[in-house]
There are 2 protein chains.
Amino acid sequence: MSDLTELEGAALSLISRSQPMTTYAVRSVFQQSLTNSWSASAGSIYPLVRKLLRANLLSETQQKGDGRGTKMLSITRSGKTALRDWVRATDANVIDPVADPIRTRSHYLDSLPSREQKRLVTEWQRLSRNVIAQIKVSIEQGQKSGDRLEVRALRASQLQMEARLTWLSELEKEL
Amino acid sequence: MSDLTELEGAALSLISRSQPMTTYAVRSVFQQSLTNSWSASAGSIYPLVRKLLRANLLSETQQKGDGRGTKMLSITRSGKTALRDWVRATDANVIDPVADPIRTRSHYLDSLPSREQKRLVTEWQRLSRNVIAQIKVSIEQGQKSGDRLEVRALRASQLQMEARLTWLSELEKEL
DNA sequence: ATCCCCATGTAAATTGTTACATGATTCG
DNA sequence: CGAATCATGTAACAATTTACATGGGGAT
């Protein structure tokens with residue numbers, strides 16, 4: 001049917017792997033993700049799921065004997081098709097470099113006094129190293145629980161962050 | 001005053017480097033950027049500049065003798081302060097790994113037939129290499145014209161894309 | 001009982017996209 | 001003089017955030 005947005009694709013893909021699951025659980029996964037971008041507030045995820053239900057890409061079944069109105073989501077046949085199309089369609093937006101807020105801020109560095117430039121770059125390095133350490137911990141956890149897909153994605157984040165560190169140390173030498 | 005969004009910060013930072021410049025020129029720079037995320041449509045950039053003007057972070061001066069109503073933007077004293085604060089404020093959203101659409105799609109790979117998994121990964125590698133080649137051309141151009149800041153940012157994009165390639169070749173071996 | 005998590009959602013406001021609309025200037 | 005580019009902007013729609021609002025279930 002209609003093309004999926006990034007968030008729709010990610011949600012549909014998650015549900016397809018972990019079905020049946022609640023909307024609440026989908027949201028929790030996004031919230032716990034180490035990646036920025038996806039805060040996935042209630043105000044975005046519930047309407048999004050409703051939209052996917054109406055488009056018949058998801059189906060829901062009410063849980064009996066649960067006063068909370070818990071509903072389990074599953075992907076439909078059309079949902080699987082839409083998901084495949086989404087994964088296959090590789091246009092420029094999917095391939096192009098993604099905006100790194102640190103890189104964005106680097107444009108402004110020259111306007112700061114030299115001492116503060118160095119201080120900031122050092123701070124960015126320190127914080128990025130912390131994140132990498134966190135990622136490594138998560139990778140170990142993922143390996144223990146045998147979650148190959150999660151480990152794979154975390155490894156991508158690790159490499160991305162290490163690339164940033166490489167760049168920051170090049171930058172440091174320039175200053 | 002109020003905290004700047006990424007787009008506001010980027011715009012303000014750009015204007016602070018290249019002032020005086022028109023809103024149209026700001027938009028052109030964003031459009032030509034190799035980074036996805038910033039399509040910076042007229043419908044986003046003109047209202048954004050208006051907002052920064054109202055907040056007194058920018059000032060504009062009408063160009064005389066230009067029937068197009070060309071207005072030149074400059075950063076104000078408060079604008080400089082806001083920009084400094086924006087660059088200095090390094091919270092989690094600034095540091096955390098950024099969402100890579102390819103990484104997002106990788107979650108779904110396992111659901112595809114093995115042959116198609118390999119085909120997709122190969123395709124992603126090919127397209128990513130193309131982008132890297134493009135970046136290298138831009139870097140050379142930037143070096144010739146002596147645009148240090150641009151070269152610096154492009155180098156960050158290059159490293160980010162190379163990290164993705166490294167990851168894709170690890171993935172390839174897994175399959 | 002009480003606290004935390006599960007689970008649902010809505011309302012208002014902001015932000016951003018797509019598509020449209022207009023006209024001036026510059027370069028060949 | 002015609003085409004590309006410069007330059008401004010708006011209108012309708014879509015997506016997202018922030019903040020609010022409600023209540024059940026399970027563990028101590």
Side-chain angles (χ1 to χ4, degrees), chain A residues 1-12 15 18-33 35-55 58 60-73 86 91-93 99, chain B residues 1-12 15 18-33 35-55 58 60-73 91-93 99 101:
Chain A
M1 198 115 300
S2 56
D3 284 349
L4 302 173
T5 65
E6 282 297 297
L7 191 56
E8 285 166 2
L12 206 52
I15 293 166
S18 310
Q19 62 182 336
M21 72 193 301
T22 62
T23 306
Y24 179 88
V26 172
R27 196 189 156 203
S28 303
V29 171
F30 285 149
Q31 279 179 320
Q32 282 155 31
S33 152
T35 304
N36 64 15
S37 336
W38 285 338
S39 65
S41 52
S44 75
I45 195 71
Y46 281 96
L48 180 145
V49 163
R50 198 184 314 138
K51 186 181 160 191
L52 295 176
L53 284 166
R54 272 193 307 232
L58 288 178
E60 64 181 351
T61 55
Q62 188 88 31
Q63 285 305 97
K64 287 176 186 167
D66 186 313
R68 285 173 292 193
T70 301
K71 285 167 230 160
M72 289 301 194
L73 302 170
W86 176 75
D91 65 359
N93 286 342
Chain B
M1 202 110 300
S2 55
D3 284 350
L4 301 173
T5 65
E6 283 297 295
L7 192 56
E8 286 167 358
L12 206 51
I15 294 166
S18 309
Q19 63 182 337
M21 72 194 300
T22 63
T23 307
Y24 179 87
V26 172
R27 196 189 156 203
S28 303
V29 171
F30 285 149
Q31 278 179 321
Q32 282 155 31
S33 152
T35 305
N36 66 14
S37 335
W38 286 337
S39 67
S41 52
S44 75
I45 194 71
Y46 281 95
L48 179 144
V49 164
R50 200 184 312 137
K51 186 181 159 193
L52 295 176
L53 283 166
R54 270 192 309 233
L58 287 177
E60 64 181 353
T61 55
Q62 188 88 30
Q63 284 305 96
K64 287 177 188 168
D66 185 311
R68 284 174 294 194
T70 301
K71 286 168 228 158
M72 289 301 194
L73 302 170
D91 64 358
N93 286 341

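Lettering of chains follows the sequences in order, A, B, ..., and the numbering in each one begins at 1.
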query: What distance do L58(A) atom CG and I15(A) atom CD1 have between them, rounded to the nearest 0.5 Å?
result: 4.5 Å
query: Which is true for T22(B) with a 4.0 Å heavy-atom rule: it touches a base, it touches only sugar-phosphate, or it touches nothing?
result: sugar-phosphate
message: Rounded to whole Å, how long is the line connecting atom NZ of K71(B) with atom P of dA24(C)?
response: 15 Å
query: Base, sugar-phosphate, or nothing: which does T23(B) touch, judged by heavy atoms less than 4.0 Å apart?
result: sugar-phosphate
- prompt: Using a cut-off of less than 4.0 Å, is there contact between a side-chain N or O of Y46(A) and OP1 or OP2 of dT8(C)?
  reply: yes
message: For dT17(C) and S44(B) - does any side-chain N or O of the residue sit under 4.0 Å from the phosphate oxygens OP1/OP2?
response: yes
query: Taking the nucleotide of DNA chain D with the closest heavy atom to each, which residue, P47(B) or A42(A), is nearer the 5' end?
result: P47(B)
statement: Rounded to the nearest 0.5 Å, the OG1 atom of T35(B) sits from the CG atom of N93(A) at a distance of 11.5 Å
- request: Verify the contact: side-chain N or O of R50(A) to OP1 or OP2 of dT10(C), cut-off strictly under 4.0 Å; return yes or no.
  value: yes
message: Whole angstroms only, please: what is the CD-P distance between E8(A) and dA15(D)?
response: 6 Å
message: In this structure, how many angstroms lie between the C1' atom of dA15(D) and the CG atom of D3(A), rounded?
response: 16 Å
- prompt: In whole angstroms, how far is the C1' atom of dG9(C) from the CD atom of E60(A)?
  reply: 13 Å
- request: Report the distance from atom CG of L48(B) to atom P of dG9(D), rounded to the nearest whole Å.
  value: 13 Å
message: By the 4.0 Å heavy-atom rule, please label G43(B) as base, sugar-phosphate, or nothing.
response: base
message: On the nucleotide dT18(C), are OP1 or OP2 found under 4.0 Å from the side-chain N or O atoms that S41(B) carries?
response: no
message: Less than 4.0 angstrom between a side-chain N/O of K51(B) and OP1 or OP2 of dT14(C), yes or no?
response: no
- request: For residues D3(A) and E8(A), report the shortest heavy-atom separation together with the two atoms involved.
  value: O-OE1, 4.0 Å
task: Look at the side chain of S28(A) and the backbone N and O of Y24(A), then say whether any donor-acceptor pair between them is shorter than 3.5 Å.
output: yes
message: Within the 4.0 Å heavy-atom criterion, would you say T70(A) contacts the bases, only the backbone, or no part of the nucleic acid?
response: sugar-phosphate
- line: Whole-Å distance, I45(A) CD1 to dT10(C) P, equals 14 Å
message: For a quick test of reading the model: is some side-chain N or O of Y24(B) closer than 4.0 Å to OP1 or OP2 of dC6(D)?
response: yes
- request: Can you see which heavy atom on T22(A) is nearest to which on M72(A), and at what distance?
  value: CG2-SD, 3.8 Å
- request: Rounded to the nearest angstrom, tell me the gap between atom CD in Q31(B) and atom C1' in dT5(D).
  value: 12 Å
- prompt: What integer distance in Å separates D66(A):CG from dG23(D):C1'?
  reply: 11 Å
